Amino acid sequence: PETITVQELANRMAARVPDVVKSLMKLGVMATATQSIDADTAEIVVEEFGHKSKRVSEGDVEIGLEGVVDADADMRTRPPVVTIMGHVDHGKTSLLDALRSTSVAAGEAGGITQHIGAYQVTLPSGERMTFIDTPGHEAFTAMRARGAQVTDIVVLVVAADDGVMPQTIEAIRHAKAANVPIIVAINKIDRPDANPTRVRSELLQYDIAVEEMGGETQDVEVSALKREGLDRLQEAILLQAEILDLKANPDRSAEGAVIESRLDRGRGPVATILVQKGTLKQGDIVVAGTEQGRVRAMLDEHGKPVTSAGPSVPVEILGMSGVPSAGEAFVVVEDEGRAREIAEFRQRRLRETNAVAGAAARGTLDQMLA
Ligand code: GDP
Ligand code: MG
């Protein structure tokens with residue numbers, strides 16, 4: 001049977017045990033901290049506390065911190081979030097640079113010094129898309145392992161003179177495992193030895209059938225070097241985004257994921273985050289993993305201060321208590337006390353998990369030495 005102790009339930013909600021006991025009494029359930037209650041009752045309590053609950057596995061009730069359930073009527077189209085993947089030297093960085101230069105905002109910023117590992121491109125039509133350029137393949141996997149799904153679309157770069165290579169195959173596996181649609185960018189089309197047809201047929205072996213091969217995967221020939229085909233690549237991204245029907249409610253407290261973070265000598269902990277739901281505002285109190293804090297300042301990809309950031313917008317935030325890990329979810333909470341409570345609870349749980357892992361490791365060592 002699915003059960004959870006009152007203590008554990010309180011912990012998960014970062015609530016006080018007596019409050020949980022009181023809530024149970026109202027339901028006619030008498031229980032002390034160490035007693036177990038069934039998952040159905042737990043779910044009711046969770047909702048009483050203004051959380052959303054989700055049963056992730058037998059006996060495991062996951063508590064969402066957000067009390068917000070979005071109504072369909074509040075959902076608005078949001079820009080797609082794109083990650084570029086592919087084999088080393090096939091032109092990922094070059095393509096990101098080339099795409100960045102097409103943004104009307106890039107012109108305004110004069111020269112394009114990028115400060116964070118993600119940026120938005122605003123096309124002359126006003127349409128926007130977000131590119132994340134930190135996740136190499138490993139970061140992508142690490143983020144997914146933490147449950148963060150930040151990417152809507154993968155652009156798979158394959159050099160037309162080199163074809164499908166080991167990291168191309170790896171990228172395909174990652175995208176498929178994450179259930180993220182792929183757009184193939186056949187790069188270096190300017191080279192005399194470019195053979196895009198070979199790329200298309202090689203991809204068939206990995207279950208990527210582009211349109212010309214009778215499939216549905218979009219492919220675009222580009223030259224990052226000569227800045228050719230970028231408009232068609234962006235059209236393909238927008239078309240894919242339309243098919244995905246990407247939406248979020250901008251009028252609610254923000255939620256999203258940490259993309260990268262570091263400790264800055266002068267500014268303290270700095271985190272680049274991607275807003276996925278709602279709008280993040282300067283002064284908001286956020287919790288990200290085991291860290292929390294008030295957003296003291298927000299900067300866009302050009303290092304310009306901004307006061308708010310809506311869905312699919314990447315921003316750098318200052319004011320966290322420490323450096324949260326990439327892939328960690330962040331959420332805005334109502335007050336600082338609650339933020340600290342949640343962060344401390346998670347720190348405690350992390351220490352416990354580490355202690356258990358340590359004990360297990362020691363156990364095996366003891367066995368080995370015995
Ligand atoms: P990454 O390792 O995938 O990030 O690849 P880079 O962007 O660093 O590019 C690797 C090399 O390929 C560099 O020397 C680039 O100048 C070159 N390169 C990138 N795109 C093109 C292209 O469209 N045409 C040609 N001829 N060279 C390119
Ligand atoms: Mg690179």
Side-chain angles (χ1 to χ4, degrees), residues 81-103 106 111-121 123 129-144 150-176 178 180-203 206 208 210 212 217-237 259-262 272 274 301-302 314 326-327:
V81 180
V82 183
T83 299
I84 299 196
M85 298 176 93
H87 196 69
V88 64
D89 281 345
H90 279 197
K92 297 179 295 293
T93 302
S94 306
L95 190 59
L96 276 161
D97 289 345
L99 287 164
R100 186 187 297 126
S101 73
T102 66
S103 182
I112 330 126
T113 36
Q114 196 193 335
H115 293 263
I116 60 179
Y119 63 88
Q120 266 209 330
V121 164
L123 300 178
M129 54 189 77
T130 302
F131 291 93
I132 297 187
D133 71 358
T134 34
H137 297 196
E138 272 160 41
F140 189 85
T141 324
M143 281 203 193
R144 284 218 311 120
V150 293
T151 303
D152 300 309
I153 298 166
V154 164
V155 167
L156 180 68
V157 182
V158 189
D161 61 333
D162 203 24
V164 172
M165 296 300 278
Q167 286 167 287
T168 318
I169 300 165
E170 206 182 292
I172 293 170
R173 292 218 181 98
H174 285 319
K176 289 204 177 214
V180 176
I182 291 173
I183 296 172
V184 180
I186 304 178
N187 191 32
K188 307 199 186 185
I189 204 73
D190 58 286
R191 286 182 62 109
D193 51 348
N195 190 346
T197 307
R198 196 190 68 180
V199 172
R200 291 186 189 98
S201 56
E202 282 176 353
L203 285 170
Y206 301 96
I208 307 276
V210 301
E212 205 180 295
T217 304
Q218 298 190 81
D219 71 302
V220 186
E221 292 183 12
V222 298
S223 166
L225 192 74
K226 307 255 186 232
R227 310 219 153 155
E228 278 166 18
L230 302 178
D231 48 352
R232 269 174 287 130
L233 178 56
Q234 287 166 335
E235 272 166 37
I237 291 169
I259 293 175
E260 58 181 13
S261 59
R262 63 176 198 283
T272 299
L274 176 75
E301 64 260 46
H302 307 295

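None of the values given here were measured: they were computed from a predicted structure. One-based numbering, in listed order, for ligands and for the atoms of each.
The closest protein non-hydrogen atom to atom 5 (O) of ligand 1 is G91 N, 3.1 Å. In this structure, atom 8 (O) of ligand 1 lies nearest to the protein heavy atom T93 CB, 4.2 Å. In terms of protein heavy-atom proximity, atom 7 (O) of ligand 1 is nearest to S94 OG, 2.5 Å. Closest protein heavy atom to atom 2 (O) of ligand 1: D89 N, 2.8 Å. Counting only heavy atoms of the protein, atom 23 (O) of ligand 1 lies nearest to A224 N, 2.9 Å. Closest to atom 16 (O) of ligand 1, if we only count protein heavy atoms, is L225 CD1, 4.2 Å. Protein heavy atom nearest atom 20 (N) of ligand 1, with residue, atom name and distance: N187 ND2, 3.2 Å. If you check which protein heavy atom lies closest to atom 24 (N) of ligand 1, you get D190 OD1, 2.7 Å.
For atom 14 (O) of ligand 1, the nearest protein heavy atom lies 4.0 Å or farther away.
Looking only at distances, no side-chain donor or acceptor of H90 sits under 3.5 Å from a matching main-chain atom of V158. At distances below 3.5 Å, not a single donor-acceptor pair connects side-chain atoms of S103 with backbone N or O atoms of L99. For R198 (side chain) and V164 (main-chain N/O), no donor-acceptor pair under 3.5 Å exists by modelled atom type.
Rounded to the nearest 0.5 Å, atoms CG (L230) and OG (S223) are 8.0 Å apart. Between the CZ atom of R227 and the CG atom of L95 there is a distance of 10.0 Å, given to the nearest 0.5 Å.
Shortest non-hydrogen contact noted between I259 and A326 is O-CB, 3.4 Å. The shortest non-hydrogen separation linking P196 to A160 is N-CB, 4.4 Å. The two residues A171 and M85 have their closest heavy-atom pair at CB-CB, 3.8 Å.
The distance from the Mg ion (ligand 2) to the nearest N/O/S atom of S94 is not under 2.8 Å.
Of all atoms in ligand 1, listed by their number and element, those nearer than 4.0 Å to a heavy atom of H87 are 3 (O). Annotation for ligand 1: atoms under 4.0 Å from non-hydrogen atoms of K92 are 1 (P), 2 (O), 3 (O), 4 (O), 5 (O), 7 (O).
When each of K226, K188, R200 is tested with E221 by the rule salt bridge (Lys or Arg N to Asp or Glu O under 4.0 Å), just one qualifies, namely R200.
With atom 28 (C) of ligand 1 as the reference point, the heavy atom nearest to it among K188, R191, K226, E228 is part of K188.
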